[in-house]
Number of protein chains: 2
Amino acid sequence: MTTRTKRAARGDLFSPECPTRRLLDRIGTKWTSMAIKVLADAAPQEVRFAELRRRMPGVSQKMLSVTLHSLVRDGLVTRRVEPTVPPRVHYRLTELGLSLEIPLAAVRAWAERHMAEIDRLNAINDARPDGE
Amino acid sequence: MTTRTKRAARGDLFSPECPTRRLLDRIGTKWTSMAIKVLADAAPQEVRFAELRRRMPGVSQKMLSVTLHSLVRDGLVTRRVEPTVPPRVHYRLTELGLSLEIPLAAVRAWAERHMAEIDRLNAINDARPDGE
DNA sequence: CCGAATCCTTCACGATACTG
DNA sequence: CAGTATCGTGAAGGATTCGG
């Protein structure tokens, strides 16, 4: 085990492999947090691919597929295929995925309370580029 | 006001302008959350540019500068210049920035508890590409 | 119905060099 | 010391097409 790996394993925020950075890389991708929210809202029910797509306006078929498979790989989502023709594919959050909903909900709550303020401050700073 | 703006103002997760998405775009950039953590740990003390750089191993001068100015623009960080030669520039979290530390800490805690598990699940899924 | 493959554009980020 | 300017690279993600 390398020094870097040890540091990461200890949860060292300053390692290039720090777990927080790696988590943010995941939930920072465009559709991941929305997919988790939709699946969390439906839980413990499964949701079909097409239904997910309907509940995530703007997502392309490709990106939804990529996003979901990435979540499956991470063990946050399960994927169940009904062997019919055409196939039906069902997705559901795992326990791990559901647990991620909690910090994600905190981030969402902060965003809904404060992003308008950030927009306002941005507008002010744009209008007054330097210290007035 | 457009329909889309109304939806965003209501905190509609499914608007392209949804506040959560926009917040994640910010904290998802590589150095932002680390800068906030370092500043939060130091608060209410100010931290100089060079000191921040020392506490964020791996960050380039350019990216630290870009990151900090972006945070200032958002009103999450204040910037104070001592008019000396050479100049000293001090950064500190605002109240808004400090409030963001709370959900961020929740994300960090989740990451430190669960990312190792995600790595383990990834390894398993890599070894067994399809349903075994 | 679901998803893989390909092409293309955009942008975050790093390296480097330069300035007051 | 702090910041800016420029250039190059890689990766995200959108559009489209094909497949089982």
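Naming convention: chains lettered A, B, ... in sequence-line order (proteins, then strands); numbering from 1 in each chain.
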Chemist: In terms of side-chain geometry, is the basic nitrogen of A:K37 or A:E101 positioned less than 4.0 Å from the acidic oxygen of its partner?
Modeler: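 A:E101 and A:K37: not salt-bridged.
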Chemist: Starting at atom CE of B:M63, determine the distance to atom C1' of C:dA15, rounded to an integer number of angstrom.
Modeler: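 It works out to 12 Å between those atoms.
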Chemist: What is the distance, to the nearest angstrom, from the CZ atom on A:R88 to the P atom on D:dG20?
Modeler: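 One finds 22 Å between P of D:dG20 and CZ of A:R88, rounded.
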Chemist: State, to the nearest 10°, the angle formed by the axis through the first five base pairs of the helix from C:dC1-D:dG20 to C:dG20-D:dC1 and the axis through its last five.
Modeler: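 Comparing the first five pairs with the last five, the axes sit 40° apart.
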Chemist: Rounding to a whole Å, what distance do you find between A:I27:CD1 and D:dA12:P?
Modeler: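 The distance from CD1 of A:I27 to P of D:dA12 comes to 16 Å, rounded to the nearest Å.
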Chemist: Taking A:R108 first and then A:E112, would you say they form a salt bridge - that is, a charged N and a carboxylate O separated by under 4.0 Å?
Modeler: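 A salt bridge is absent here (no side-chain N lies under 4.0 Å from a carboxylate O).
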Chemist: Choose from C:dC2, C:dA4, D:dC1 the nucleotide whose nearest atom is closest to any side-chain atom of A:S65.
Modeler: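 The closest nucleotide is C:dA4.
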Chemist: Do any side-chain nitrogens or oxygens of A:R48 fall under 4.0 Å of OP1 or OP2 in C:dC2?
Modeler: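 Yes, because at least one side-chain N or O of A:R48 sits under 4.0 Å from OP1 or OP2 of C:dC2.
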Chemist: Would you mind writing out the side-chain donor-acceptor pairs for residues 85-93 of chain A within the sub-3.5 Å range, not counting sequence neighbours?
Modeler:
| residue | atom | partner | partner atom | Å |
| --- | --- | --- | --- | --- |
| A:H90 | NE2 | A:E82 | OE2 | 2.7 |
| A:Y91 | OH | A:R79 | NE | 3.3 |

Chemist: Closest to the A:T29 side chain: D:dG13, C:dC13, C:dC1?
Modeler: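 The answer is D:dG13.
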Chemist: Just call it for A:S60: base, sugar-phosphate, or nothing, with non-hydrogen atoms closer than 4.0 Å on any strand.
Modeler: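 The answer is nothing, as A:S60 stays clear of every strand by at least 4.0 Å.
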Chemist: Tell me what B:R79 touches on the nucleic acid: a base, only sugar-phosphate, or nothing, going by heavy atoms under 4.0 Å.
Modeler: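 Here B:R79 touches the backbone only, sparing every base.
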Chemist: With nearest nucleotide decided by heavy atoms, which residue, A:G28 or B:V81, maps closer to the 5′ end of DNA chain D?
Modeler: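 With A:G28 and B:V81 compared, the 5'-side residue is B:V81.
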Chemist: When you get a sec, tell me which of C:dG14, D:dG14, D:dA2 is the closest nucleotide to the side chain of B:K30?
Modeler: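 Given the options C:dG14, D:dG14, D:dA2, the side chain of B:K30 is closest to C:dG14.
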Chemist: Rounded to whole Å, please give me the gap between CE in B:M34 and P in C:dA12.
Modeler: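 After rounding, the gap between these two atoms is 18 Å.
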Chemist: Could you state the CZ-C1' distance from A:R21 to C:dA12, rounded to the nearest angstrom?
Modeler: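 Checked: the CZ to C1' distance equals 11 Å.
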Chemist: Begin from the C-alpha positions of B:D119 and A:R22 and carry the test salt bridge (charged side-chain N to carboxylate O under 4.0 Å, His left out) through to its verdict.
Modeler: CA-CA 10 Å; B:D119 290 337; A:R22 306 213 333 285; 2.5 Å; yes
Chemist: For the residue pair A:A42 and A:R55, what are the closest heavy atoms and their distance?
Modeler: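 Here A:A42 and A:R55 meet closest at CB-NH1, 4.1 Å.
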Chemist: Looking at B:T94 and B:L76, would you say the former's side chain and the latter's main chain have a donor-acceptor pair under 3.5 Å?
Modeler: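 Judged by distance alone, yes, a pair lies under 3.5 Å.
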Chemist: Can a donor-acceptor pair be found between the side chains of B:R73 and A:N122 at a distance below 3.5 Å?
Modeler: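 Present: a donor and an acceptor within the cut-off.
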Chemist: Would you kindly give the CZ-to-C1' distance between B:R53 and D:dC1, to the nearest whole Å?
Modeler: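 Answer to the nearest Å: 11 Å.
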Chemist: Could you check A:T29 against A:T67 for side chain to side chain contact (heavy atoms under 4.5 Å, CB included), going step by step and ending with a plain yes or no?
Modeler: CA-CA 8 Å; A:T29 61; A:T67 301; 5.5 Å; no
Chemist: Can you check the A:R80 CZ to C:dC1 P distance for me, whole Å?
Modeler: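 Value for this atom pair: 17 Å.
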Chemist: Would you tell me if any nitrogen or oxygen in the side chain of A:Y91 comes within less than 4.0 Å of OP1 or OP2 on C:dG3?
Modeler: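 It does, given that an N or O in the side chain of A:Y91 lies less than 4.0 Å from OP1 or OP2 of C:dG3.
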Chemist: Rounded to the Å, how far apart are A:K62 NZ and C:dT6 C1'?
Modeler: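 The answer, rounded to whole Å, is 9 Å.
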Chemist: Please tell me which of the listed nucleotides, C:dC2, D:dC1, D:dG3, lies nearest to the side chain of B:P87?
Modeler: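 Between C:dC2, D:dC1, D:dG3, the one nearest the side chain of B:P87 would be D:dC1.
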Chemist: Output the single nucleotide from D:dA2, C:dC2, D:dC1 whose closest atom is nearest the side chain of A:Q61.
Modeler: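 For the A:Q61 side chain, the nearest candidate turns out to be C:dC2.
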